[in-house]
Structure formats: C-alpha cells, structure tokens
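Letters A, B, ... mirror the listed sequences (proteins, then strands); counts begin at 1.
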2 protein chains.
Amino acid sequence: MDDLTEMLKGTLEGCVLEIIGREETYGYAITRRLNELGFADVIEGTVYTILLRLEKNGLVRVTKRPSELGPPRKFYALDDAGREELGRFWAKWEYLSSRIDKLKEGGR
Amino acid sequence: MDDLTEMLKGTLEGCVLEIIGREETYGYAITRRLNELGFADVIEGTVYTILLRLEKNGLVRVTKRPSELGPPRKFYALDDAGREELGRFWAKWEYLSSRIDKLKEGGR
DNA sequence: TACCACTATACGGTATCACCGAGTAGCCCG
DNA sequence: CGGGCTACTCGGTGATACCGTATAGTGGTA
C-alpha cells in the first residue's frame with residue numbers, strides 16, 4: 001500500500017487511544033499491535049510522539065515499570081478525559097466515514 | 001459535529017477530486033457541494049488552496065469562463081493523471097477505513 | 001447614488017499532525 | 001565484546017486544512 005501518512009492524520013491518535021482503552025500497555029507494544037492491524041509503516045517514533053501528546057493533554061495515566069528484557073516500560077491507561085476523547089473520536093470517525101462512503105457511492 | 005479538520009487531512013483533497021471527476025465544475029460550487037454532503041465547515045479558502053495544488057501537480061485541466069452573475073469562474077476537469085490519483089485515493093481509503101473499522105469492532 | 005449581499009478567486013501566514021534521524025540505554029546471545 | 005532486540009526521547013521537517021484579508025463582478029434596495 002502507498003503512503004498513508006496524510007490520511008492517518010487525526011485518526012492514528014484515536015487508534016492509539018482505542019488500543020490503550022482495551023488494556024494498559026506501552027509504546028513499543030502499541031507499535032507492534034498497529035503493525036499487526038495493518039498500519040504497517042507506523043514506526044516507534046510516531047507512536048511515542050502521540051503518547052507524549054496524550055500525556056501532556058491529560059488523557060492518560062502513566063506508570064513506569066521494569067521490564068524483564070530491556071529498559072523500563074511506561075504503561076499507559078486511559079483516564080476519564082481519555083475515555084471521553086475516545087468517544088468523541090469514534091463519533092467523528094462514524095460521521096466522516098459515512099459521508100465519504102456516501103460520496104463514493106454517488107452521494108446526493 | 002466537533003472539529004473535523006485533522007481528520008480531513010488527506011481525505012478532503014480526494015473528495016474534491018471525486019466531485020470534479022463527476023462533472024466539470026468550479027471552486028465556489030465545489031464548496032457548496034461539500035457543505036451539502038455534510039462537510040459543513042469547509043470554507044472557500046480551503047477549497048481554493050486544494051484546487052491550486054491540483055493544478056500545480058498537473059491533475060486537472062482548467063478552463064476560465066465568464067459567469068452570468070459574478071466574476072469569471074475557473075472550471076476544473078480531471079485529466080488522466082487526475083483519474084489515476086483518484087483511483088489511488090479510493091484504494092487508500094478502502095484500505096484504511098477497513099482497518100479502522102476492524103479495530104473498532106474489537107480487531108484481532 | 002450609496003450601500004449591502006452574494007458570487008468568485010487569490011494569497012500570506014498559522015497550527016497540527018505524522019514522520020524522520022539521531023541519540024541514549026538495558027538486556028541477551030554467540 | 002559486538003550485534004540485535006527492546007524501549008524511550010527529542011529536535012526538526014513536510015504536508016495539509018484553515019484563517020484573515022484583499023480584490024472584483026453583479027444585483028437589489030433605500
């Protein structure tokens with residue numbers, strides 16, 4: 001698949017929120033998860049910038065824990081603001097994707 | 001609906017291509033069409049920047065024609081490169097939206 | 001006439017976002 | 001000890017939608 005970067009803007013952050021919402025996890029694992037899910041070219045650096053932004057915006061709770069096989073991990077979990085933001089994200093996605101699909105099907 | 005600007009990045013240009021692909025039309029009318037289609041907050045300035053970019057990238061054929069009720073209009077039509085780009089856009093959209101919907105449905 | 005609304009386009013500047021590159025660091029294995 | 005995997009940080013880049021302002025033609029109306 002071609003380059004998706006522009007199309008990911010505004011949606012990748014929501015995907016990360018969704019993954020964190022499922023279970024407390026950390027950056028490196030989130031990146032691997034995204035790659036599995038078909039976001040093949042998403043790289044660690046991108047995910048970390050998103051995580052730092054989420055933290056700065058007060059959407060996540062962060063806990064540092066040692067790892068058995070490497071440096072310590074920063075685990076992320078959604079707080080209430082994060083859950084609300086996730087809800088808004090899916091509402092926007094629903095809205096936008098329905099409009100675009102309608103346009104595609106000859107929308108009038 | 002909340003602010004969709006970030007989510008529109010990478011998709012709005014494709015929507016404009018699709019509209020132009022249906023019939024030769026001009027900026028002001030494209031804006032009105034987008035508004036009707038649910039892209040309610042998209043404004044003229046945004047559409048004109050996209051159109052100038054399409055022209056610069058050689059995806060459209062441009063014809064200036066007088067209007068009965070205002071300044072002259074610049075009509076846009078897709079050329080071959082534009083049609084190819086439109087195809088790539090829909091392929092990317094299909095790919096991305098299917099992945100995101102799968103993630104939403106509990107994607108594994 | 002003077003003003004306003006609608007139509008129609010252009011353009012410089014801004015914010016945001018995903019991405020890149022380089023760096024730091026811990027752990028394991030040959 | 002060197003390479004490879006794990007794990008995070010941070011400064012900078014490029015693309016995009018958006019904002020504000022300017023310009024300009026047309027028609028209505030007070």
Side-chain angles (χ1 to χ4, degrees), chain A residues 1-17 25-35 39-57 59-60 62-76 85 89 92 96 99-100, chain B residues 1-17 25-35 39-57 59-60 62-76 85 89 92 96 99-100:
Chain A
M1 176 56 52
D2 285 26
D3 190 29
L4 293 176
T5 55
E6 290 310 322
M7 219 178 254
L8 282 173
K9 289 188 179 177
T11 62
L12 191 56
E13 178 178 313
C15 294
V16 170
L17 278 173
T25 181
Y26 58 98
Y28 192 81
I30 293 169
T31 310
R32 294 290 85 81
R33 187 91 188 85
L34 286 167
N35 296 152
F39 304 91
D41 298 328
V42 174
I43 211 146
E44 282 85 0
T46 301
V47 175
Y48 291 122
T49 54
I50 291 174
L51 291 172
L52 293 174
R53 190 165 67 231
L54 295 178
E55 190 176 355
K56 204 187 80 187
N57 295 342
L59 302 176
V60 288
V62 186
T63 316
K64 200 164 197 168
R65 299 214 194 89
S67 161
E68 313 85 39
L69 41 65
R73 296 165 174 166
K74 283 176 69 177
F75 282 82
Y76 293 83
E85 181 60 30
F89 166 71
K92 286 201 278 186
L96 182 64
R99 307 294 145 147
I100 292 181
Chain B
M1 175 58 50
D2 287 25
D3 188 30
L4 292 176
T5 53
E6 290 309 322
M7 219 177 254
L8 282 173
K9 289 186 179 179
T11 62
L12 190 56
E13 178 177 312
C15 294
V16 171
L17 278 173
T25 181
Y26 58 98
Y28 191 82
I30 293 169
T31 310
R32 294 290 85 81
R33 188 89 189 87
L34 286 168
N35 296 153
F39 305 91
D41 299 328
V42 174
I43 209 146
E44 283 85 1
T46 300
V47 174
Y48 291 123
T49 54
I50 291 172
L51 291 172
L52 293 174
R53 190 164 66 233
L54 295 178
E55 189 176 357
K56 205 187 79 186
N57 295 341
L59 302 175
V60 288
V62 187
T63 316
K64 200 164 197 168
R65 299 213 195 89
S67 162
E68 314 83 40
L69 40 66
R73 299 165 173 166
K74 282 176 70 177
F75 282 82
Y76 293 83
E85 182 60 30
F89 166 71
K92 287 201 277 185
L96 181 65
R99 306 294 145 147
I100 292 181

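- The minimum heavy-atom distance between A:Tyr76 and A:Tyr26, with the atom names listed, is CD1-CA, 4.4 Å.
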I'd like a table of atom pairs between the protein and nucleotides 3-6 of chain D - only N or O on both sides, under 3.5 Å - with the distance next to each one.
residue	atom	partner	partner atom	Å
D:dT6	OP2	A:Tyr28	OH	2.3
D:dT6	O5'	A:Tyr28	OH	3.3

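- With rounding to the nearest 0.5 angstrom, the CD atom of B:Glu6 is 10.5 Å from the CG atom of B:Leu4.
- With DNA chain D read from its 5' end, the first of the two nearest nucleotides for B:Thr5 and A:Tyr76 is the one closest to A:Tyr76.
- DNA chain D is contacted by both B:Leu12 and A:Glu55; A:Glu55 maps to the nucleotide lying nearer its 5′ end (nearest heavy atom per residue).
- Regarding B:Asn35, its CG atom lies at a distance of 14 Å from the P atom of C:dA8, rounded to whole Å.
- B:Arg53 is listed as a side-chain neighbour of B:Ile50, based on a closest heavy-atom distance under 4.5 Å.
- Taking atom CD of residue B:Glu13 and atom C1' of nucleotide D:dG14, one finds them 14 Å apart after rounding to whole Å.
- Contact annotation: B:Lys64 side-chain N/O to C:dT9 OP1/OP2 distance is not under 4.0 Å.
- Atom CD in B:Glu68 sits roughly 13 Å away from atom C1' in D:dG27 (whole-Å rounding).
- Using a 4.5 Å heavy-atom cutoff, the side chains of A:Phe39 and B:Arg99 are in contact.
- Note: CD (A:Glu44) to P (C:dG26) measures 19 Å, nearest angstrom.
- Look at NZ on B:Lys92: it is 13 Å from P on D:dA15, rounded to the nearest Å.
- Between the B:Lys74 side chain and the B:Gly27 main chain, no donor and acceptor come within less than 3.5 Å of each other.
- Here the side chains of B:Thr11 and B:Leu8 are in contact, with some heavy-atom distance below 4.5 Å.
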Identify the pairs formed between an N or O of the protein and an N or O of nucleotides 11-16 of chain C at a distance under 3.5 Å, and give each distance.
residue	atom	partner	partner atom	Å
C:dT16	O2	B:Lys9	NZ	2.6

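- Spacing between atom CE of A:Met7 and atom P of C:dA18 amounts to 14 Å, rounded to whole angstrom units.
- With the nearest nucleotide of DNA chain C identified for both B:Gly27 and A:Ile43, B:Gly27 has the one nearer the 5' end.
- We find the CD-CZ distance between B:Glu68 and B:Arg73 to be 5.5 Å, quoted to the nearest 0.5 Å.
- B:Val16 has its side chain within reach of B:Leu34: a pair of non-hydrogen atoms, C-beta onward, lies under 4.5 Å apart.
- With rounding to whole Å, B:Asn57 atom CG is found 13 Å from D:dT16 atom C1'.
- When rounded to the nearest whole Å, the span between CD1 of A:Ile50 and P of C:dC20 equals 13 Å.
- Between the side chain of A:Lys92 and the backbone N or O of B:Asp3, at least one donor-acceptor pair lies under 3.5 Å.
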